[in-house]
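Side chains included, hydrogens not; waters and symmetry mates left out as well; all remaining heavy atoms used. This is a predicted model, so every value here is computed, not measured.
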Amino acid sequence: MHLSRILDLNLQPAGAARLAIRPLALADAALLADAYTRNASHLAPWEPLREDLFFTVQGQRTSILGKLAQFESGTEVPWVILAGERVVGTVTLTGIVRGPFQNAHVGY
């Protein structure tokens, strides 16, 4: 199953980087550390309190490894949102329930 998509919504200003969504990868640790550091004050009202380690490449590697383990077990699907090559957000399906209910939570 191919989980990457280009989002061409015609909502972007001329010259803006094209948006894309693709599955999270361990190689995204530095990009995510940069994104979280860049947006820490903006996200503060909605994010839990984070230790300094969270904003580092190693902290993001640890987080990504946990998310990828959950993906392998079928309980989570994590993506990154990109503007060009820059991570500008994440989207994650969590709490995936299989069977007749077919349900999940969306976090972004």
Side-chain angles (χ1 to χ4, degrees):
M1 174 189 264
H2 184 57
L3 299 175
S4 297
R5 299 286 184 268
I6 299 295
L7 306 174
D8 194 1
L9 305 174
N10 294 324
L11 301 175
Q12 298 163 209
R18 176 173 263 183
L19 294 178
I21 184 171
R22 67 162 171 72
L24 177 67
L26 191 55
D28 293 322
L31 295 172
L32 279 170
D34 177 61
Y36 277 113
T37 299
R38 199 173 58 242
N39 294 294
S41 62
H42 172 75
L43 295 173
W46 303 282
E47 287 278 312
L49 290 177
R50 306 277 191 188
E51 293 189 24
D52 291 343
L53 179 63
F54 177 83
F55 299 94
T56 67
V57 173
Q58 184 55 45
Q60 288 305 304
R61 285 181 55 82
T62 300
S63 177
I64 291 169
L65 287 170
K67 290 179 178 299
L68 295 178
Q70 299 244 347
F71 176 71
E72 288 296 319
S73 73
T75 61
E76 185 170 304
V77 181
W79 290 279
V80 290
I81 303 168
L82 303 152
E85 298 298 316
R86 189 178 195 188
V87 170
V88 294
T90 62
V91 175
T92 307
L93 292 179
T94 60
I96 296 173
V97 177
R98 304 290 182 191
F101 190 43
Q102 293 293 316
N103 195 19
H105 301 278
V106 177
Y108 57 95

Can you give me the closest heavy-atom contact between R61 and A29, atom names plus distance?
CG-CB, 3.4 Å
Please determine whether side-chain hydrogen bond (donor to acceptor under 3.5 Å, both in side chains) holds for the pair T75 and S73, giving the CA-CA distance in whole Å, both sets of side-chain angles, and the decisive distance to 0.1 Å.
CA-CA 6 Å; T75 61; S73 73; 3.2 Å; yes
Which value, rounded to the nearest 0.5 Å, describes the distance between F71 atom CZ and L93 atom CG?
10.5 Å
For the residue pair D28 and I64, what are the closest heavy atoms and their distance?
C-CD1, 4.0 Å
Between the main-chain N or O of A33 and the side-chain N or O of T37, is there a donor-acceptor pair closer than 3.5 Å?
yes
So if I apply the side-chain contact (heavy atoms from CB on, under 4.5 Å) rule between L24 and each of L32, T90, V87, T92, which one comes out positive?
L32
So with a 6.0 Å cut-off around CD of E85, is the heavy-atom count from everything else above 12?
no
Compare every heavy atom of L53 with every heavy atom of T56, then report the nearest pair and how far apart it is.
OG1-O, 2.6 Å
R38, CZ: over 12 other non-hydrogen atoms inside 6.0 angstrom:
yes
Is there a donor-acceptor pair closer than 3.5 Å between any side-chain N or O of D34 and the backbone N or O of L31?
no
Hydrophobic cluster membership, V80 vs V77, 4.5 Å side-chain cutoff
no
Distance in Å, Y108 OH paired with W46 CH2, rounded so as to fall on 0.5 Å steps:
9.5 Å
Would you check if the side chain of Q60 reaches a backbone N or O of F55 as a donor-acceptor pair within less than 3.5 Å?
no
When rounded to the nearest 0.5 Å, the distance separating CG of L26 from CG of L65 is 5.0 Å
